[in-house]
Amino acid sequence: MAKEAYDHVAIESAEQAKWEALDLYACDLSETEKEKYYLLFEFPYPSGDLHIGHWYAFALTDIFARYKRMQGKNVLFPIGFDAFGLPAENAAIKFGKDPAEWTYANMERMRQQIRIMGTSVDWSKEVVTCSPEYYKWTQWLFLKLFEQGLAERRLAPVKWCPKDLTVLANEQVIDGHCERCGTEVEEKNLTQWFLTITKYAKRLLDDLDPLPWREEIKDAQRAWIGESEGAKLTFQLIGPGIEPTALGTPVVPVFTTRPDTIYGATYLVLAPEHALVEMLMEKVANPDEVAAYVKKVSKKTDRERQEQKEKTGVILGGITVVNPATKEEIPVYIADYVLASYGTGAVMAVPSHDERDYAFAKKFKLPLRTVISGGNDELYTGTGTLMNSGPFDGRENLEAMGEIINFVNGERVTNYRIRDWLVSRQRYWGCPIPIVYDPEGRAHAVPQEHLPWLLPTDVDFTPTDSSPLSTSKELRERVTRIFGEGWTPECDTLDTFVDSSWYFLRYLDPKNEDDFSEQALMKQWLPVDRYSGGSEHTTMHLLYARFFQKALYDLALVPTSEPFNERFNRGLILGPDGAKMSKSKGNVVNPDEFVGKYGADAVRMYLAFIGPYNEPGSYPWSLEGVFAMRKFLDRVFQLRERIEDTEASNEERLQLDKAIQKVDTDTERFKFNTAISGLMVLVRELEKQEHVSRSVYQDLLRLLAPYAPHLADSVWQEVGGEEESVHQALWPEAGARDAVTAPLIVQVNGKRRGEVHVDLSATEEEVLAAARGIETVAKALHEGTLMRTVYVKGRILNLVITQI
RNA sequence: GCCGGGGUGGCGGAGUUGGUAUACGCGGCGGAUUCAAAACCCGCUUCCUAACGGAUCGAGGGUUCGAGUCCCUCCCCCGGCACCA
């Protein structure tokens, strides 16, 4: 280590104690003189020990919090725990521990570890989602949505994990497997609670446009919402025993994005779960065959359906529909390539112009009819001129689209891929759904005076196919006592994503017993200015939180319809071998070990230096890198010995200004890696001097303070910084000094031939004269003819010379 | 397949509106110090060449006085979506 290394153990604990004594980081939310800045990071799940990922998430966001404070902003930088969830329950099942005890013990351990990082989080705003004080309001908000008809109960096919014995949200199924345990999921029908996020699909999509998020984040959400414009067309159903009823003629509506191809629709396909299938089963000529197919398909998971290479299906014998354009009767099939849950659950098949229909038609030897010219193959999905399309022949397909829809009495329709949010969980360790059922089985809200609707403690956690809460005697008795005989409790708990959809509102007013958060504070502090988190939350958490915000906005409960202004997705720290850290690979880096050796400041700075924080890359941890960062900090420490109370030299001021500018702009946009390189350059330049002006050194410490908060503060006091803590000091500003001279690059035909030092005010002639002094330039001028010169002040002089 | 983001030394990565490509760091090499080693300090380190010089940002083409940056074609990697009609 360096000649004089600082004592990181002593310094870091002393500084942390000082900050706590000064209560530096508690944000006074009611203060209005300073401009507010709400900096948010995704609150952790209390899994137990802090790993590198937590450091990367918290300690680096902390750099920005400290920077914003020094800029004179009133910074809210809160923390809490997303404390409900499966791991606590699994620990209960496995080790017989009380989930609450397990969770609270973990939180306490993590609080200590987070202190070690030197983060400036405001603990006074802490929220814990599993505490009754918090979930009281989760329940209250759920009931607000329920009152609005945004929470619904219905029977639906749901994903079921046979290992965790629970229902999973669509989003928690990764490639057909359980997100948590990797087990292949099955399907099962249960009555579940849904939040009807689909009602907000359009607004969730449209409101993305003005958000200052990276395009990739917005696009991921757009894809998830999945808007597509098309038309609903109606096909009349014909078959034995199918008669017009009082309601009209039986019809099959289909959704299509290609109504222009209607003349090419040569058959129609129903999803196996389509509502009409049951009725048609009694009329078809081949009922056994159809029933067998539907049964077989019902056992397959979505994944299996997708993976099958060949299309499968069965014809509905004797049933036809009328193509509304051609008036032909065309056959009807059931096939599982059509999804019941999208559109109308039925499609018109145009094998000549749709890949899936083509594949199906080939297999079942169904006729093709080309209605758009343009391709040379049987299958063509592009645009072109209509043919075989009656009165529309010769028209361009896109241009005739509207008229065709009208011609067949269709209507324009926009569909969304996003599904309603299934929030029921058959688990114990979650927020109880504040619903009770009357003797007729109707759902009723638990009245507000009974909130929080407490999670009972007398339950059996052992997984079964029913919810753990159903084993609680206390809960049953509570319901009987309050509502009467025959009333029963809802025994499912809420998805933890519900808890985390509004936690940033609660940070503003975490102890409020009368409201989920105070209106005036929300008005002052929303939206969140910058939200830092992992890219894995792009399509779930971010979308859910946005949905909540919009729903609450419509109820006039929050002041903005978007919760977050800026959003930054960070990357991933890999093991030293470049692979994702995992216990099985033995490449897990333990931050404590490095903190012990080199100090928290070195670890923070190393993580900041490893790669750009404003994009979701993945960066391998380097053992040498942390050490190098510590050496740099030692150099800063040693530099204090050269302090003299002299006026800053021109060179010092120039270097300092450059550094301030660099560190400032790069810190602002989360490019901590290049900000640190700017600091390194400054230190190197200052080391070249025998003496360093005290004010320059102090400014260096200010720049360093967000990055190495302990060391910077310790030395700050030693060198007589004005404020008690450097974290109370202001961010330095670059002086407006214009450089007088600058090196100017001389090029010949765009190739560098040398440089000249000239006054910035020099004219082109003067510069050219100076350039002639360069040997290779003179030679080129001698051998060729100077056609023109391009002079960019302060940058280059390019001589365009033609050879003779 | 579609959408988005990328491809720069041995490695992580810098490169404002087109204007010194390879900042900063790691690693490597050499030196200094030492009885010796580690640490620390100094220098070198894109490639080819003994040197002069030349080449170089995934490949190829184009625009320009000048292209990592802009345009076209193609290849590869990462992320998202995916039988969504």
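Letters A, B, ... are given to chains in the order of the sequence lines, protein chains preceding strands, and every chain is numbered from 1.
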Rounded distance (Å) that lies between atom P of B:C41 and atom CD of A:Q638: 8 Å

Under 4.0 angstrom between A:K631 side-chain N/O and B:C40 OP1 or OP2: yes

Syn/anti state of B:G9 by chi, 90° boundary around 0: syn

Integer-rounded Å distance: B:C26 C1' and A:F627 CZ: 12 Å

Gap between atoms OH and C1', on A:Y337 and B:A82 respectively (whole Å): 17 Å

Check: A:Y707/A:D601 side-chain N/O donor and acceptor closer than 3.5 Å: no

Sugar-phosphate only, base, or nothing, as touched by A:V681 at under 4.0 Å among non-hydrogen atoms: sugar-phosphate

A:K662 side chain near B:A23 phosphate (N/O to OP1/OP2, under 4.0 Å): no

Ring geometry between A:F360 and A:F364 (parallel below 30°, tilted from 30 to 60°, perpendicular above 60°): parallel

Sugar-phosphate only, base, or nothing, as touched by A:K671 at under 4.0 Å among non-hydrogen atoms: sugar-phosphate

For atom CG of A:L208 and atom P of B:G4, their distance in whole Å: 15 Å

Touch class at under 4.0 angstrom, heavy-atom based, for A:K751 against every strand present: sugar-phosphate

Salt-bridge present (A:R222, A:D209; N to O < 4.0 Å): yes

So which protein nitrogen or oxygen atoms get under 3.5 Å of nucleotides 63-67 of chain B's nitrogens or oxygens?
residue	atom	partner	partner atom	Å
B:C65	OP1	A:R788	NH1	3.3
B:C65	O2'	A:N798	ND2	3.1
B:C65	O2	A:N798	ND2	2.5

A:N673 side-chain N/O to B:A14 phosphate OP1/OP2 under 4.0 Å: yes

Any A:R684 side-chain N or O less than 4.0 Å from OP1/OP2 of B:C24: yes

